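First the structure, then my questions, so here it is.
Per chain, numbering begins at 1; letters A, B, ... match sequence-line order. Small disclaimer: the values here were computed from a predicted structure and weren't measured. Heavy atoms only: backbone and side chains are in, while hydrogens, waters and symmetry mates are out.
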There are 2 protein chains.
Amino acid sequence: MSLIVQKFGGTSVANTERLKNVADIVTKTAQAGNQVVVVVSAQGDTTDDLIAKAAELNDHPSKREMDVLLNTGEMISMSLLAMAIQKLGFSVVSLTGWQIGLETNSNYSDARIKRISGDRLKAELDNGKICIVAGFQGLNKMGDLTTLGRGGSDTTAVAIAATLGADLCQIYTDVDGVYTTDPRIVPGARKLEAITYDEMLELASLGAQVLHNRSVEMAKKYNVDLEVISSFTRNPGTKVKEGSHMEKMNVSGVARDNNCARVAIINVSDTPGTAFKVFSLMAKHNVNIDIILQSVGRDNKKSISFTIRQDDADRVGKILRDNAEMLGYEDVSISTKVAKVSIVGAGMASSAGVASKMFEALAMAGINIRMISTSEIKISVLINEEDSEKAVKAIHEEFFGE
Amino acid sequence: MSLIVQKFGGTSVANTERLKNVADIVTKTAQAGNQVVVVVSAQGDTTDDLIAKAAELNDHPSKREMDVLLNTGEMISMSLLAMAIQKLGFSVVSLTGWQIGLETNSNYSDARIKRISGDRLKAELDNGKICIVAGFQGLNKMGDLTTLGRGGSDTTAVAIAATLGADLCQIYTDVDGVYTTDPRIVPGARKLEAITYDEMLELASLGAQVLHNRSVEMAKKYNVDLEVISSFTRNPGTKVKEGSHMEKMNVSGVARDNNCARVAIINVSDTPGTAFKVFSLMAKHNVNIDIILQSVGRDNKKSISFTIRQDDADRVGKILRDNAEMLGYEDVSISTKVAKVSIVGAGMASSAGVASKMFEALAMAGINIRMISTSEIKISVLINEEDSEKAVKAIHEEFFGE
């Protein structure tokens with residue numbers, strides 16, 4: 001008998017028909033002789049609807065009260081799913097975050113999980129019950145409700161799998177796995193059978209949008225086997241786990257991220273401490289920096305470029321203007337018409353020529369590279385946004401073409 | 001400084017505008033120097049909408065899961081109200097049933113309150129917070145969510161007032177007090193300034209629909225001063241409490257209950273134990289019996305009549321048919337075309353002539369009385385349903401006419 005944790009996102013539980021579909025998946029898993037813990041998100045637009053209701057009353061409601069409000073979304077979907085499973089004749093119980101002893105810190109709206117007491121879950125599973133758990137939520141030490149922020153339900157599922165020592169944690173979503181690139185851009189994209197945690201982390205942070213980094217990081221830390229799988233097609237998905245078979249393939253995927261902006265600080269003093277000043281300022285304002293490029297100095301002046309999230313562009317512009325005197329630059333230019341395209345692969349570091357193959361593909365397509373960043377398992381280039389689809393197609397063809 | 005508990009029903013918190021209105025009432029009460037605990041129901045149709053969603057998935061969902069689902073309704077209204085109050089610049093905290101330590105038995109969907117730990121509420125009040133509490137809900141000893149059934153939010157409010165020793169428990173509703181009779185039937189009906197618990201209990205059980213009996217019974221037991229008041233007009237409402245001033249008035253109200261049916265069991269054996277057989281059978285099936293009338297026996301046969309709730313009529317008919325042999329009656333007739341009209345007043349018992357005055361009013365209006373029941377503080381008559389409005393008008397004119 002295996003213990004399987006299954007997580008279903010908001011799209012998978014959006015309405016009556018889909019809840020029945022999920023109930024069918026869950027009960028078939030149980031019928032195959034497995035113990036099952038199910039983690040659910042709020043239905044479809046529920047969270048947005050609740051936020052809109054709140055906004056009508058208060059444009060800046062406290063995060064504590066917002067978390068109370070949002071806690072109801074998952075409670076609704078978990079109890080409805082439990083009823084759908086009861087209808088199929090199975091023994092089931094729904095449990096909130098606090099009922100499974102999911103303790104978080106007090107960072108309302110973006111809380112971090114501190115621990116889960118598995119006692120209630122274990123007792124219910126031992127009793128032969130299918131357990132339906134509300135994702136995205138927990139309780140802080142003051143006994144107040146919290147929510148876990150983006151990717152919260154995935155993280156709940158992985159944390160439960162880690163706590164219970166589950167054999168597998170399945171993340172059901174509206175895509176049926178992790179692809180070599182976005183199938184909407186490249187119709188020939190191939191579904192990966194398996195991928196490492198690190199590759200998944202790079203793909204997620206690069207905009208693959210399948211799994212949130214927090215959950216993958218936690219899965220890596222506690223060695224939880226993940227599977228990304230579709231609740232609609234029910235085909236085998238993509239396994240995310242440690243493994244050696246990935247070495248066969250140098251590159252596992254091509255990712256694109258259009259939520260980028262490039263900041264250039266032009267002609268600052270070429271003296272020690274200039275970069276520190278810039279990036280400590282960014283850190284102080286919680287701006288996430290990605291690629292950094294510093295030009296070679298000339299005439300005692302240099303330029304510093306870096307990429308940020310496009311959402312942060314206006315804010316960063318203001319921060320730099322407000323600190324113009326302290327930084328002593330000649331000019332600042334911020335371009336939001338850029339995109340980042342990356343290749344990811346655990347076998348890349350040990351394989352020569354991957355980078356040159358990528359750059360060659362871009363050159364052949366006539367695409368200019370504005371910045372480059374490399375790590376053990378990825379190579380990213382910053383290019384003009386209008387070229388990004390062409391770039392993804394060219395690179396994908398280079399590495400995965402027939 | 002007084003401590004005031006204010007309860008707002010579903011109509012009072014139905015939408016954004018009404019929530020703002022409630023926030024205004026609550027903060028004005030706080031501004032006047034009072035500590036305030038607010039108990040809210042679910043917004044307008046929320047509960048019905050949730051029940052409809054559940055019904056799409058399961059025609060007989062477990063009561064445990066239904067209670068989880070319904071718990072969300074009050075959580076939504078309490079957090080929204082807290083946000084509306086924050087917007088006005090007041091310090092406020094919303095709390096669920098389990099967060100205030102409201103412990104119930106495990107009778108899901110109709111649980112009874114066992115105790116409330118006032119600790120969290122006292123701490124928050126001492127901290128200068130307005131407390132918003134979800135009505136209608138609690139936690140059983142297994143750590144599972146329950147709901148309190150009909151009148152649950154009123155009961156929560158009274159239980160909190162009793163626990164904290166509040167100076168007043170205001171029940172805000174869509175009527176502005178308790179009237180001498182239903183103003184929709186008799187436009188000249190007068191609002192009562194005050195009424196005793198016992199009178200309120202009789203009026204509630206007779207269909208006055210203002211306060212649920214459970215909450216009034218609890219208020220009487222713990223001597224909690226109640227006020228029924230409108231959240232729309234904000235006029236002074238009706239106080240419900242012990243007091244002697246009520247003796248001035250013999251009759252405080254006229255009530256009508258159309259949810260009645262009359263059961264006649266014709267020609268049963270006129271021997272000891274016959275009535276016992278009938279009513280123990282009803283008790284076994286949880287049928288509430290109201291007025292009972294037994295005819296004088298003749299030829300060793302008698303007839304037993306009693307009234308029940310109209311909702312129970314079909315069920316009672318079946319129970320009696322199923323037990324025809326055991327009961328040994330000649331026939332059973334059940335009429336749902338009846339109504340009960342009653343006068344209520346604490347001063348009635350000591351005042352001669354009240355009953356005859358009531359019967360005279362009915363006689364003058366040409367209304368036939370089919371059954372009569374009296375108690376210390378009320379006189380009820382069963383009449384044809386079609387006569388019920390006329391009866392209320394005639395009796396009200398007799399006792400309260402100019």
**OP:** Identify which part of A/I85 has an atom lying under 4.5 Å from any heavy atom of chain B, answering side chain, backbone, both or neither.
**Re:** neither
Original post:
So which of B/P61, B/S77, B/S94, B/A84 has the biggest tally of heavy-atom pairs under 4.5 Å with chain A?
Top reply: B/S94
Original post:
Are there more than 12 heavy atoms of other residues, nucleotides or ligands under 6.0 Å from atom CZ of B/R150?
Top reply: no
**OP:** Could you look at A/L88 and say if it's the side chain, the backbone, both or neither that has a heavy atom under 4.5 Å from chain B?
**Re:** neither
**OP:** Check whether A/V93 gets within reach of chain B through its side chain, its backbone, both or neither, counting any heavy atom under 4.5 Å.
**Re:** both
Original post:
Looking only at heavy atoms, which two atoms of A/A54 and B/M83 are closest? And how far apart?
Top reply: CB-SD, 3.4 Å
Original post:
Given the options B/A82, B/S62, B/G73, which has more heavy-atom pairs under 4.5 Å with chain A than any of the others?
Top reply: B/S62
Original post:
So, for B/K87 and A/N58, which heavy atoms are closest and what is the spacing to 0.1 Å?
Top reply: N-ND2, 3.3 Å
Subject >> Heavy-atom proximity to chain B below 4.5 Å, by part of A/D67 >> reply: neither
**OP:** Please say whether more than 12 non-hydrogen atoms of neighbouring residues, nucleotides or ligands are located less than 6.0 Å from NZ in B/K318.
**Re:** no
Original post:
Do you know which two heavy atoms are closest between B/E65 and A/Q86, and how far apart they sit?
Top reply: CG-NE2, 3.6 Å
Original post:
Which atoms of A/E74 come close to chain B, meaning under 4.5 Å heavy atom to heavy atom: side chain ones, backbone ones, both, or neither?
Top reply: neither
**OP:** Measure distances from B/L70 to the heavy atoms of chain A and classify the residue's part below 4.5 Å as side chain, backbone, both or neither.
**Re:** neither
Original post:
In this structure, are over 12 heavy atoms from other groups packed under 6.0 Å from A/H60 atom NE2?
Top reply: no
**OP:** Report the option among B/M66, B/R120, B/M78 that has the most heavy-atom pairs separated by less than 4.5 Å from atoms of chain A.
**Re:** B/R120
Subject >> Residues, nucleotides or ligands: over 12 heavy atoms within 6.0 Å of B/D314 CG >> reply: no
**OP:** Report yes if the side chains of A/E56 and B/L19 come closer than 4.5 Å at any heavy-atom pair, otherwise no.
**Re:** no
Subject >> Nearest atoms (heavy-atom pairs only) where A/L145 meets B/M75 >> reply: CD1-CE, 3.7 Å
**OP:** Output the option from A/D144, A/L81, A/T96 having the highest count of non-hydrogen pairs under 4.5 Å with chain B.
**Re:** A/D144
Subject >> Nearest heavy atoms of A/I76 and B/L50, plus distance in Å >> reply: CD1-CD2, 4.1 Å
